[in-house]
Amino acid sequence: MKVAQNESIVEVKNLKMYFPITRGILRRRVGDIKAVDDVSFEIRKNETLGLVGESGCGKTTVGRCILRIYRPTSGNIIFLGQELSTLPEHRIRPLRVHMGAIFQDPYSSLNPRQIARNIVGKPFRIHHLVEKRDFNNKITELFNLVGLNPIMMTRVPHEFSGGQRQRLAIARALASSPHLLVLDEPISALDVSIQAQIINLLEELQERLGLTYLFIAHDLSVVQHISNRVAVMYLGRIVEITNSEELYSNPLHPY
């Protein structure tokens, strides 16, 4: 599936995600937590959109709605021209091959009982992307792509450092050749000395593979460095969205 330059990869329109508040034995609904409340934005091809805000403002929920981990309460999510928000699960799966996710904690997001080769190759098996005879060659390519030695394929996650585990997670996300990566605080659990290496890797991969990023974070200096545009969230809403230089030279919101 090819996407023209400057075309939107994702369009989010009036997105709402409410979580019910229940009470009593019968779990009667008495209200809602408005995690995301009327959010709209778009992400263009090869762009990095930074999504920032204080803890609990709804950043991660937005990312999970785009990935359809959560089914939105209302609104539209248009991914590669397809409306995701109302699609049944069996029709979402073919579209997920075009999106990937990298989470905050690289240890908890990797199966501790699986060897690295099987972790990275999981998308190949789920989406039937490669022949069995080509499996190891493809894994070797992915290891080299993210700066890991292929000799480490048979190790389990606890035998890798934190930075290496995050490189494993990136390799897994890239296995299906996605158009979009949702990066949910991908460096906040890493040592400061490793953070710059991972950011540089993500930038190199974006340029080399033509990737599009939604970069969710609370570290404003990192977001300024990697993002083309930045959206600021506050209490479930986007209160400002502009290019990164303008945001830092003329901020319109206290955050």
Side-chain angles (χ1 to χ4, degrees), residues 1-10 42-51 63 66-67 79-80 95-104 106 109-110 116-117 119-124 126-127 129-131 134-153 160-188 190 193-217 219 221-230 243-245:
M1 189 178 293
K2 292 187 177 180
V3 182
Q5 194 68 33
N6 295 323
E7 184 177 339
S8 292
I9 294 281
V10 178
E42 66 173 4
I43 311 174
R44 294 184 285 270
K45 180 178 170 63
N46 299 141
E47 178 184 42
T48 298
L49 177 68
L51 187 59
I66 290 173
L67 294 167
F79 175 66
L80 298 178
L95 290 172
R96 283 209 178 105
V97 73
H98 301 297
M99 59 176 76
I102 300 166
F103 300 101
Q104 179 175 354
S109 67
L110 304 175
R117 176 178 58 210
I119 290 171
V120 171
K122 191 78 170 177
F124 292 152
I126 291 174
H127 299 291
L129 298 176
V130 300
E131 298 290 338
D134 298 325
F135 184 81
N136 280 344
N137 288 338
K138 291 290 186 180
I139 300 298
T140 298
E141 289 176 13
L142 287 167
F143 267 61
N144 288 326
L145 186 64
V146 299
L148 289 173
N149 192 329
I151 203 170
M152 306 164 81
M153 274 191 212
F160 291 86
S161 68
Q164 288 173 332
R165 286 196 288 264
Q166 198 61 297
R167 288 173 188 266
L168 271 182
I170 293 170
R172 178 180 60 184
L174 294 176
S176 62
S177 301
H179 291 292
L180 173 72
L181 283 185
V182 176
L183 307 160
D184 188 3
E185 307 248 15
I187 63 168
S188 61
L190 304 176
S193 59
I194 305 299
Q195 290 181 359
Q197 295 177 22
I198 298 299
I199 289 295
N200 290 337
L201 173 63
L202 290 170
E203 289 182 322
E204 290 167 11
L205 291 170
Q206 183 175 39
E207 184 174 347
R208 182 172 174 179
L209 303 176
L211 297 169
T212 303
Y213 293 156
L214 174 63
F215 192 94
I216 300 168
D219 187 329
S221 61
V222 171
V223 171
Q224 181 186 25
H225 175 76
I226 197 172
S227 301
N228 304 107
R229 292 185 301 135
V230 181
N243 66 65
S244 57
E245 292 82 5

query: Hey, is the main chain of Ile187 close enough, under 3.5 Å, to the side chain of Gln195 for a donor-acceptor pair?
result: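 Yes, because the side chain of Gln195 sits within donor-acceptor range (under 3.5 Å) of the backbone of Ile187.
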
message: Determine whether a donor-acceptor pair (N or O, by modelled atom type, separation under 3.5 Å) exists between the side chain of Asn46 and the backbone of Gly210.
response: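 Flag set: sc Asn46 to bb Gly210 pair under 3.5 Å.
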
Looking at every non-hydrogen atom in both residues, tell me the closest pair between [X] and [Y] and how far apart they are.
| X | Y | result |
| --- | --- | --- |
| Ala116 | Met152 | CB-O, 4.0 Å |
| Gln166 | Gln104 | NE2-O, 3.8 Å |
| Ser193 | Gln197 | O-NE2, 3.7 Å |
| Ile102 | Pro186 | CG2-CB, 4.2 Å |
| Ala173 | Pro178 | O-CG, 3.3 Å |
| Leu214 | Leu180 | N-CD1, 4.2 Å |

Heavy-atom side-chain contact between [X] and [Y] under 4.5 Å:
| X | Y | value |
| --- | --- | --- |
| Val120 | Phe143 | yes |
| Phe124 | Ile139 | yes |
| Val10 | Leu49 | no |
| Leu181 | Leu174 | yes |
| Leu110 | Arg172 | yes |
| Leu80 | Leu95 | no |
| Asn137 | Val130 | no |
| Phe79 | Ile9 | yes |

message: Go through it in stages, so that I can follow the logic: the residues are Glu42 and Glu47, the test is side chain to side chain contact (heavy atoms under 4.5 Å, CB included), and I'd like the CA-CA distance, side-chain angles, deciding distance and then a yes or no.
response: CA-CA 10 Å; Glu42 66 173 4; Glu47 178 184 42; over 6 Å; no

- request: Go through the steps to decide whether Leu67 and Met99 satisfy the test side chain to side chain contact (heavy atoms under 4.5 Å, CB included), and finish with yes or no.
  value: CA-CA 7 Å; Leu67 294 167; Met99 59 176 76; 3.6 Å; yes

Gap between atom [atom2] of [Y] and atom [atom1] of [X] - 0.5 Å precision:
| X | Y | atom1 | atom2 | result |
| --- | --- | --- | --- | --- |
| Leu190 | Ser161 | CG | OG | 9.0 Å |
| Glu7 | Lys45 | CD | NZ | 9.0 Å |
| Ile43 | His179 | CD1 | NE2 | 14.0 Å |

Pairs involving residues 199-214, ordered by first then second residue, that meet side-chain hydrogen bond (donor to acceptor under 3.5 Å, both in side chains) (sequence neighbours left out):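 Matches after skipping sequence neighbours: Thr48-Gln206, Glu203-His225.
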
Derivation of the side chain to side chain contact (heavy atoms under 4.5 Å, CB included) call for Arg167 and Phe160: CA-CA 10 Å; Arg167 288 173 188 266; Phe160 291 86; over 6 Å; no

field: Stepwise side chain to side chain contact (heavy atoms under 4.5 Å, CB included) check, Ile170 with Leu145
entry: CA-CA 10 Å; Ile170 293 170; Leu145 186 64; over 6 Å; no

